[in-house]
Amino acid sequence: MLPTSISPVFRSRRDCLMAGHAGSAFVLASNHELIRNYDVSYPFRQDSSLYYLTAWDEADSFLVLLPSAEHAGRNYKMILFVPPRDPEREMWDGERHGVEGAVSVYGADEAYPTSEFAKRLPILLKGVEKVFYRMGMPHHERTDRTMLEVFEQTRKLFGRSGRGIPALHDPLEVIGEMRLYKGPEEIETLRKACAMTAHAHRQAMIEARPGMNERDIEAIVEYQFRRGGSQRNGYWSIVAAGRNATCLHYRSNNDTLREGELLLIDAGAEFDYYTSDITRTFPVGRKYSPAQAKVYDLVLKSQLEALAMAKPGATLPSIHAHVVETLVDGFLSLGLLQGKPAEVIQTNAFKRFYPHNTSHWLGSDVHDAGLYQKNGEPRRLEPGMVFTIEPGFYVQPLDRDAPAEYRDIGIRIEDDILITKTGCENMTAGVPKTREEIEALRAF
Ligand code: GLY
Ligand code: MN
Ligand code: MN
């Protein structure tokens, strides 16, 4: 069933965007249906910024926001180009809103079939001085060409006036700036995504057994996502046993779980266009081995210290720097590295075991939009920002110089953090992460 009404929050986002950019036009392309093989498509998922501004979730569409004379209390017009109603296509692929629904349900001032986009856009953009359009995105070559043709026509219209084409800007920066500060309804949705993801990780911790396949665990986790109401994953689940966990973006998920190894699960449910991003690492058997326990406790220590730093005014680089210091102290005392801490940090020698960053923004995209710097400085954390804290430890299979007891270990612990007025809320605190709590769940 198609929605018959949408939350007024989408219009208020457009109002806010256009209030800050009077005189500018925004052109946002939807995602396309992409072929996976022959006539089978990948599941469609709307572009996050287009969804953020409209709630529109059909493919082959465009949103155009244009400066206009004041009407209905605003200084802009919203135009949607959408696939028109088509009984034959809808019989095969499902119901569409069509141009009628784009106006009556989604609040467009005008709507046209997508086939009219290239013809109408030059007229719509006439006289606009600044156009926000994201050039150079994969699969959008045709729209890029249309935009270039629009600029070409604009220049022709100017005649011999000496005027140039409108300035072109990337909309993701300004929309990303809005998306970075999560509103109450976004936080509510993120909390739900986090709760169902936390439950799924906990269930995997209870059900995993030696001899199972990584694929079995993926099925347990994703079954719980769907049962919780998640429409799809925020990203492909990583279910990595033993040395597979040292591959940061491991995707095969098709190996046997062996007693004595660790199992790393990095998986997040997407719910109503917001995703969680949780990682836990627990023993395939009942307990962590002594060597696994030492490095696990070290990663956990660095993660808990990072969590304690998460409050308004802190920065992600300062949190990362602290995580690196804690990990480096541990690497040195466990004999994994030699030298002085400052030297190991300065030369990046620690990256042998901790090659990635500690945090990224989280929201509609797992690596969400939003600038990491402001005026050349790392930006200060503020209430409403959501990000991950995810330190890890990995000994690459080719690293045969590492002490034998630590070889092939991969560990990551990842939670989703909301900055509040007074500190932070760990939105994924519901999944056990101390060894004691985890081993209690592994007592089969
Ligand atoms: N799951 C992707 C990440 O942790 O960044
Ligand atoms: Mn992450
Ligand atoms: Mn992750």
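One-based numbering, in listed order, for ligands and for the atoms of each.
- Take the N/O/S atoms of E414: the one nearest the Mn ion (ligand 3) is OE1.
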Requested in this report: Start with the C-alpha gap between Y296 and F393, add the side-chain angles, then the distance that decides, and say whether ring pair (Phe, Tyr, Trp, His ring centres under 6.0 Å) holds.
Outcome: CA-CA 8 Å; Y296 185 86; F393 168 78; over 10 Å; no
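- The shortest N or O to N or O distance between R412 and ligand 1 is not below 3.5 Å.
- Remark: ligand 1 atoms within the under-4.0 Å shell around heavy atoms of E414 are 4 (O).
- With Y133 as reference, T143 is the one residue of T146, L28, T143 to meet the side chain to side chain contact (heavy atoms under 4.5 Å, CB included) rule.
- Note: angle at the Mn ion (ligand 3), from OD2 of D266 to OD1 of D277, is 150° (rounded to 10 degrees).
- You'll find the ring centres of H356 and Y394 inside the 6.0 Å limit.
- Scanning all heavy atoms of the two residues, the minimum distance from A267 to T197 falls at O-CG2, 3.3 Å.
- Annotation for T420 and P312: closest pair O-CG, 3.1 Å, computed over non-hydrogen atoms.
- Checked against the 6.0 Å centroid criterion, the rings of F331 and F353 qualify as a close aromatic pair.
- Applying the 4.0 Å criterion to heavy atoms of H367 picks out, from ligand 1, the atoms 2 (C), 3 (C), 5 (O).
- At the top of the distance list for atom 3 (C) of ligand 1, counting protein heavy atoms only, stands D277 OD2, 3.4 Å.
- Close contacts of ligand 1 with Y235, meaning ligand atoms under 4.0 Å from a residue heavy atom, involve 1 (N).
- Computed with the Mn ion (ligand 2) at the centre, the E390 OE2 to H360 NE2 angle is 80°, stated to 10 degrees.
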